[in-house]
Asker: 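One structure is given below, represented as structure tokens, and several questions about it will come after.
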Amino acid sequence: MTPPPNRTRSSTRRSRRATPSPSRVQWTGPDRVRVPVTDLGAHGHGLARHDGQPLYIPDALPGETVEVRIVDRVGDGWRAEVLSHLDPSPDRVEPVCPHFGPCGGCTLQHLRPAAQAAWKRQQIIDAVTKRGLPVPDVDPVVAIPPGHRRRCTLGWRRTARAVLLGFHGQDSHRLEDVHTCPMVASDLFVLFASLRALLEDITGAGDAGQAILTLTDTGADCTLTLDRPPTLAIRERLAAFAEDADLARLGWLSNGTVEPVVERRPPTVLMAGTPVRLPPLAFLQPSREGAEAIIEAVRARLPASDGAALDLYAGMGTVTFPLAAEGRAVHAVDENADSIAALSAAVAPGQPITTAVRNLDSDPVGGAALHAFEAVVFDPPRAGARAQATALASDGPPHIVAVSCRPATFARDARILVDAGYALGRITTIDQFPWAAHVELVAGFERRPAAALSD
Ligand SMILES: C[S@@+](CC[C@H](N)C(=O)[O-])C[C@H]1O[C@@H](n2cnc3c(N)ncnc32)[C@H](O)[C@@H]1O
């Protein structure tokens with residue numbers, strides 16, 4: 001492999017100098033230090049140590065020696081800024097986006113895709129073995145390429161001169177004014193410029209908020225946040241914007257409530273051919289291709305049968321509808337009442353889907369209620385599903401499939417299931433977040449026969 005050009009020069013393009021912020025603990029070491037980078041941290045920063053103190057270094061890769069200056073205290077260590085890369089890694093590549101560095105949207109564009117995939121796969125193996133489980137079989141990464149993200153949350157701020165619209169820096173409140181973004185789907189990115197123009201018209205200096213964009217199958221849904229209700233003049237401008245941009249829906253979020261200001265078409269997402277109406281701000285898998293990969297990996301871990309399935313943390317039914325389409329009766333549970341209402345409303349007459357709104361952390365499905373199912377799928381948020389996994393450990397069905405966006409909590413929950421007699425099968429890694437440090441996985445568990453437990 002040919003190493004990229006030497007970067008002993010200052011790397012200002014990607015690391016516009018951050019101003020050190022005051023912190024209680026002061027750095028007492030030298031202004032500049034040279035350190036070897038030993039690993040990548042959970043946020044995609046290079047990890048190093050100086051005098052035993054951890055350093056977290058954006059734009060630094062394992063194997064590199066970098067010269068850095070300390071910027072700020074962070075957690076148990078220090079955030080540092082690269083002044084020069086002394087011996088660039090062969091896995092270093094030129095980032096494709098001019099916003100890489102200041103923009104917090106991507107943290108790994110400087111790492112060769114194959115090395116990103118290997119790192120993500122290794123995150124899963126490390127998390128599982130750290131819990132004392134054997135090294136799992138982890139399939140090669142299913143990578144969803146950039147340009148497929150169908151949702152994003154942009155920050156915006158009106159300064160005296162202009163509207164800034166983009167993503168916040170990784171470790172700062174600084175807003176990068178984004179004029180290109182290879183990560184999001186082009187049908188979403190095309191809205192950035194007209195959104196900026198809209199915000200120029202309807203906001204005043206000092207205003208700030210978010211624009212939450214989702215590309216549904218019937219067009220874009222946009223929710224703007226501002227801490228005051230829209231005036232009549234603003235409503236008219238919003239209606240014109242929705243028309244010009246051909247939005248499906250435009251909402252306004254203030255005081256914790258979303259008002260649907262304009263709805264030109266119902267914003268719906270097809271789940272196994274069933275259109276489900278997207279509630280404002282509801283969870284949706286970040287790409288259609290990623291959702292399909294998850295569904296395929298879940299299906300592959302279930303027996304070919306029509307046994308009843310329990311879909312826990314079901315959201316709007318990404319997994320529910322495909323399982324029902326196979327002839328299974330599916331019971332879908334989620335704490336988000338809007339998501340469950342959307343899922344229920346989409347169920348066709350005779351479709352064998354039932355639903356419940358339930359907090360599965362404080363009130364997991366357990367005991368005899370689990371005996372009605374041949375299989376359980378659970379897909380919790382990053383915190384994982386400790387209470388639900390404990391309930392499954394005692395009374396779970398023969399087949400369990402876990403979908404997870406955080407290897408550490410997955411491994412904790414997996415350990416609970418394995419200790420109760422489940423065997424962990426192959427793990428599929430799905431990368432819906434190229435250039436970011438997120439890792440997603442699907443794993444199957446089979447209850448081992450009682451005789452095998454004494455082995
Ligand atoms: C990663 S999403 C998965 C949603 C769905 N399975 C999908 O693929 O679209 C996690 C879901 O967990 C739900 N959730 C979060 N905390 C919960 C809790 N304590 N009890 C039940 N559901 C919860 C969220 O509302 C969200 O729908």
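FYI, side chains are in, hydrogens and waters are out, and symmetry mates aren't considered; it's all heavy atoms of this structure. One-based numbering, in listed order, for ligands and for the atoms of each.
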Asker: Considering the heavy atoms of Asn336, write down every atom of ligand 1 situated less than 4.0 Å from one of them.
Answerer: 25 (O)

Asker: Step through it carefully: locate the ring centre of Phe100, locate the ring centre of His110, and say whether they are under 6.0 Å apart.
Answerer: yes

Asker: Tell me the protein heavy atom at minimum distance from atom 16 (N) of ligand 1, and give that distance in Å.
Answerer: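 Checking every protein heavy atom, the shortest distance to atom 16 (N) of ligand 1 gives Glu335 OE2, 3.3 Å.
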
Asker: Would you verify whether the NZ or CZ of Arg151 falls within 45 degrees of the ring axis of Phe283 while also being under 6.0 Å from that six-membered ring's centre?
Answerer: yes

Asker: Who's the nearest protein heavy-atom neighbour of atom 3 (C) of ligand 1, and how far?
Answerer: Asp379 OD2, 3.1 Å

Asker: Closest non-hydrogen protein atom to atom 9 (O) of ligand 1, residue and atom name please, with distance?
Answerer: Thr318 OG1, 2.7 Å

Asker: If the contact criterion is a heavy-atom separation under 4.0 Å, does Arg358 count as touching ligand 1?
Answerer: yes

Asker: Give a yes or no on whether the backbone of Leu278 and the side-chain of Arg249 come within a donor-acceptor separation of less than 3.5 Å.
Answerer: yes

Asker: Is the closest side-chain heavy-atom distance between Gln116 and Trp435 below 4.5 Å?
Answerer: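 Result yes, sub-4.5 Å side-chain heavy-atom pair found.
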
Asker: Is it true that Pro381 lies under 4.0 Å from ligand 1, counting heavy atoms only?
Answerer: yes

Asker: With a 4.0 Å cut-off on heavy atoms, is Asp334 touching ligand 1?
Answerer: yes

Asker: Give a yes/no verdict on a cation-pi contact between Arg73 and Trp78, requiring under 6.0 Å between NZ or CZ and the six-membered ring centre and an angle within 45° of the axis.
Answerer: yes

Asker: Could a heavy atom of Ala314 be found less than 4.0 Å from some atom of ligand 1?
Answerer: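 Under 4.0 Å: yes for Ala314.
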
Asker: Which residue owns the protein heavy atom closest to atom 4 (C) of ligand 1, what's the atom, and how far is it?
Answerer: Tyr313 O, 3.4 Å

Asker: I'd like to know whether NE2 of His168 has more than 12 heavy-atom contacts from other residues, nucleotides or ligands below 6.0 angstrom.
Answerer: yes

Asker: Quick one: look up the protein heavy atom nearest atom 8 (O) of ligand 1 and list residue, atom name and how far away it is.
Answerer: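 The answer is Gln285 NE2, 2.7 Å.
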
Asker: What are the atoms of ligand 1, with element, lying closer than 4.0 Å to any heavy atom of Asp361?
Answerer: 19 (N)

